[in-house]
Number of protein chains: 2
Amino acid sequence: MAGSPITRTTYTVDSLLAVTVEVFNTRGYDGTSMEDLSRAAGISKSSIYHHVRGKEELLRLAVGRALDGLFAILDEPPAVQGRPVERLEHVVRRTTEVLLAELPYVTLLLRVRGNTEAEIWALERRRDFDHRVADLVRAAVAEGELRADVEPRLATRLLFGMINSIVEWYRPGAGPEAVDGIPDAVVRLAFAGLLA
Amino acid sequence: MAGSPITRTTYTVDSLLAVTVEVFNTRGYDGTSMEDLSRAAGISKSSIYHHVRGKEELLRLAVGRALDGLFAILDEPPAVQGRPVERLEHVVRRTTEVLLAELPYVTLLLRVRGNTEAEIWALERRRDFDHRVADLVRAAVAEGELRADVEPRLATRLLFGMINSIVEWYRPGAGPEAVDGIPDAVVRLAFAGLLA
DNA sequence: TGTTGAGCCGACCGATCGTTCGGTTACGCT
DNA sequence: AGCGTAACCGAACGATCGGTCGGCTCAACA
């Protein structure tokens, strides 16, 4: 009932967004001009305005997609039932997986600083996500499952700082097997540390 | 032989740089106009060009300062002698301390993406730093002091991703005692993990 | 006290910014 | 075949960009 089964040469909002996010991530949002986008998309600058209201809407759509993926994790069954430490491990592993699956969108999300209205909205949703994870860490500490000599809020920040830093260096390419090792490594280092 | 001992109301390159870096960090480098800088510094736009060649030189000076602080760590005695795992722990702790001490400059450094010449130069120096730390991790693994089931390069990236993420949330204010806890927490989580 | 230059200024430059607008093309539907 | 409109275009808009220029001010010094 949707798109034609034949060749598709025209842009949808989604396919335009995919091109846009790549440019945003390499040039930076402020460093990207609408002409940069038009050149990357292969259509004229003014044609972009046929699909979206403007530059900031492209940003809002992109970070919204990343946030939707991350928040969906918190509603997955293993994230809402069981021992807190196991729920936390699930969230940690799945967050890493979603970050890798939606890499360009999450990358853009993590670079938002809050200068425009869309960015402030994204920061608020991110903070909400962080708070819900911090609650999980607190619960695990209360159960005696996690060390109590590091503040839960601080531990949460460092933990997700580690996960989020993946966007700084990971580039897909080799194959799907390269991805699989990363969530495991994250969970191991996060819970058991570097020491042998 | 240097500056007059009396009141100083005029700008030096350093004091101008301090103002500049704050603006760069809140607005972003591309999002900061020279008029933004002139407004924050309280002098006219053209006066800035009396102190520096232009916008990019301000960026180069700022990230250079951050890099100098980080590289100095690798030359400290505890970083060059002793068991690899102890040398690594020293580098981890000191990197966290330098990051906190030079917070605005390191923050700016970590946001560089490599679009201008100054940014490419900064990225190259960062990569050099990372490689030297990764060598340390490899040495510790070879000695059997660190777990061997996570690739040294990956472990290094995640470890320093955790440290570097501090710039995303830490804001000085409360007092010096708030800072002291962070390097300890980083070392504990990095080497021993979250588990109780 | 006359001179010098560091420090600063307003006015202005060409280029580029995000956006708008009127108009053209070509495909889907009847 | 003919119509409607999604998709696209070139040209231009005012605003703002980073940077330049000639000149002003005033403290330091000979």
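Naming convention: chains lettered A, B, ... in sequence-line order (proteins, then strands); numbering from 1 in each chain.
Counting only heavy atoms from C-beta on, A:I43 has its side chain closest to D:dC8 among C:dC8, C:dC17, D:dC8.
We find that CG of A:L37 is positioned 11 Å from C1' of C:dG18, with the value rounded to whole Å. Summarising the geometry, the separation between CD on B:E35 and P on C:dC9 is reported as 13 Å, rounded to the nearest angstrom. C:dC17 atom P lies 12 Å from atom CD1 of A:I48, rounded to whole Å. Atom-to-atom, CZ of A:R39 to P of C:dG18 comes out at 11 Å; the value is rounded to the nearest Å. At whole-Å resolution of the value, CD in B:E57 and C1' in D:dG18 are 14 Å apart.
A salt bridge does not link A:D128 with A:R125: none of the charged nitrogens is closer than 4.0 Å to a carboxylate oxygen. A salt bridge does not link B:E124 to B:R127: none of the charged nitrogens lies less than 4.0 Å from a carboxylate oxygen.
A heavy-atom distance below 4.5 Å is not found between the side chains of A:R153 and A:L158.
At a threshold of 4.0 angstrom between heavy atoms, the contacts of B:S38 with the nucleic acid are absent.
Between A:H51 and the phosphate of D:dA6, there is no side-chain N or O to OP1/OP2 separation shorter than 4.0 Å. At least one side-chain nitrogen or oxygen of A:H50 sits closer than 4.0 Å to the OP1 or OP2 atom of D:dA7.
None of A:R157, A:R113, A:R111 except one satisfies the salt bridge (Lys or Arg N to Asp or Glu O under 4.0 Å) rule with B:E168; the exception is A:R113. Partner A:P152 forms a side-chain contact (heavy atoms from CB on, under 4.5 Å) with one of A:L136, A:V137, A:V133 and no other, that one being A:V137.
Looking only at distances, no side-chain donor or acceptor of A:E119 sits under 3.5 Å from a matching main-chain atom of A:V112. Checking side-chain atoms of A:R27 against main-chain N and O of A:T32 turns up no donor-acceptor pair under 3.5 Å.
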> How does DNA chain D look in dot-bracket form if you count Watson-Crick and G-U pairs under 3.5 Å, write [ ] for pairs that cross, and put | where a base pairs with another strand?
Replying inline: ||||||||||||||||||||||||||||||

Tabulate protein N/O versus nucleotide N/O from nucleotides 19-23 of chain C, keeping only pairs under 3.5 Å, one per line.
residue	atom	partner	partner atom	Å
C:dT19	OP2	A:Y49	OH	2.9
C:dT19	OP2	A:K55	N	3.0
C:dT19	O5'	A:Y49	OH	3.4
C:dT19	O4	A:K45	NZ	2.8

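Figure legend: cation-pi geometry between B:K55 and B:Y29, with NZ or CZ positioned under 6.0 Å from the six-membered ring centre and within 45° of its axis.
More than 12 heavy-atom neighbours from other residues, nucleotides or ligands sit within 6.0 angstrom of CD on A:E76.
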